[in-house]
Amino acid sequence: MACWLVKTEPDAYSIDDLERDGTTDWTGVRNYQARNFLRQMQVGDKVLLYHSNAEPSGVVGMGSVAQLAGPDRTQFDPRSEFFDAKASREAPRWFCPKIRFVRRFRRTVPLEALRAASALQGLLLLQRGSRLSVIPVSDAHCKAIVSMSAGK
DNA sequence: GCCAACGTTGGC
DNA sequence: GCCAACGTTGGC
């Protein structure tokens with residue numbers, strides 16, 4: 001069972017929203033590398049939820065993959081901010097899995113703490129200039145982040 | 001296929 | 001709001 005980390009801006013869609021919704025289509029990812037990771041997600045994979053542009057930014061909880069990635073409906077909707085005129089239903093460009101809320105962490109693991117953790121060296125999120133909104137996380141890194149969320 | 005210009009992300 | 005670091009676009 002793989003583990004992933006997905007970023008979201010809480011002003012746009014927060015873990016509160018996911019908790020309320022239960023599950024949601026993870027729409028709006030418009031980067032090819034991130035898309036390719038979304039398509040690799042398997043049902044049951046863990047998903048660490050990360051709030052970016054937040055106070056503080058950090059990992060706020062856990063979700064899981066509820067459904068394999070299918071075409072992202074927002075790419076077909078001219079009224080959507082994620083509309084993509086070059087996509088068609090015959091040849092969709094963007095895909096999204098369904099993500100299920102699992103739990104909120106007792107405490108947010110802020111970016112600063114992630115950077116300070118020697119156990120997290122090599123985590124893609126922490127690499128200089130990394131902007132990917134969907135990244136794979138190794139089992140060891142995943143465990144380390146979860147243990148940080150529970151306190152020492 | 002190169003690369004300058006432009007757009008986006010996201011920490012600070 | 002600034003801006004560094006990337007990604008994408010489009011002229012040539």
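Model, not experiment: these values are computed from the prediction. Letters A, B, ... mirror the listed sequences (proteins, then strands); counts begin at 1.
- Within the 3.5 Å criterion, the main-chain N or O of A/Leu111 finds no donor-acceptor partner in the side chain of A/Ser57.
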Taking N or O atoms only and anything under 3.5 Å, show me the protein contacts with nucleotides 6-8 of chain B, one pair per line.
unit_1	atom_1	unit_2	atom_2	d
B/dT8	O2	A/Arg131	NH1	2.6

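- A/Lys7 has no side-chain polar atom (N or O) that falls below the 4.0 Å cut-off from OP1 or OP2 of B/dT9.
- For A/Thr24, the side-chain contact (heavy atoms from CB on, under 4.5 Å) partners two or more places apart in sequence, or in a different chain, are A/Tyr13, A/Leu18, A/Asp21, A/Trp26.
- Atom C1' of nucleotide B/dG10 and atom CG of A/Leu126 are separated by 14 Å, given to the nearest angstrom.
- In this structure, the CG atom of A/Asn31 is 18 Å from the P atom of C/dA5, given to the nearest Å.
- Within residues 111-124 of chain A, the residues having any heavy atom under 4.0 Å from DNA chain B are, by residue number, A/Leu111.
- Rounded to whole Å, atom C1' of B/dG10 lies 16 Å from atom CD of A/Gln127.
- If you find the closest nucleotide of DNA chain C to A/Arg93 and to A/Arg128, the one lying nearer the 5' end belongs to A/Arg128.
- Not counting sequence neighbours, the partners of A/Lys98 by the salt bridge (Lys or Arg N to Asp or Glu O under 4.0 Å) test are A/Asp25.
- Under the side-chain contact (heavy atoms from CB on, under 4.5 Å) criterion, A/Asp77 pairs with A/Arg79, A/Ser80, not counting sequence neighbours.
- In the hydrophobic clustering of ILVMFWY residues, with side-chain heavy atoms under 4.5 Å counting as a link, A/Val47 and A/Val102 come out together.
- Hydrophobic cluster membership for A/Val43: A/Leu68 (Ile, Leu, Val, Met, Phe, Trp, Tyr linked by side-chain heavy atoms under 4.5 Å, directly or transitively).
- Counting only residues at least two apart or in different chains, salt bridge (charged side-chain N to carboxylate O under 4.0 Å, His left out) contacts with residues 109-135 of chain A are absent.
- An angle of 10°, rounded to 10°, separates the two end axes of the helix from B/dG1-C/dC12 to B/dC12-C/dG1, each defined over five pairs.
- Within the structure, the salt bridge (charged side-chain N to carboxylate O under 4.0 Å, His left out) test picks out the following pairs touching residues 133-145 of chain A (sequence neighbours left out): A/Asp139-A/Lys143.
- Rounding to whole angstrom units, CD of residue A/Glu55 and P of B/dC12 are separated by 10 Å.
- Each salt bridge (charged side-chain N to carboxylate O under 4.0 Å, His left out) pair with one or both residues in residues 35-45 of chain A, not counting sequence neighbours, would appear here, but there are none.
- Of the two residues contacting DNA chain C, namely A/Asn53 and A/Tyr32, the nearest-nucleotide position lying further toward the 5' end is that of A/Asn53.
- For A/Ser14, the side-chain contact (heavy atoms from CB on, under 4.5 Å) criterion is met by A/Pro10, A/Asp16, A/Asp17, A/His51, not counting sequence neighbours.
- With sequence neighbours left out, A/Arg30 forms a side-chain contact (heavy atoms from CB on, under 4.5 Å) with A/Asp72, A/Thr74, A/Gln75, A/Phe82, A/Trp94.
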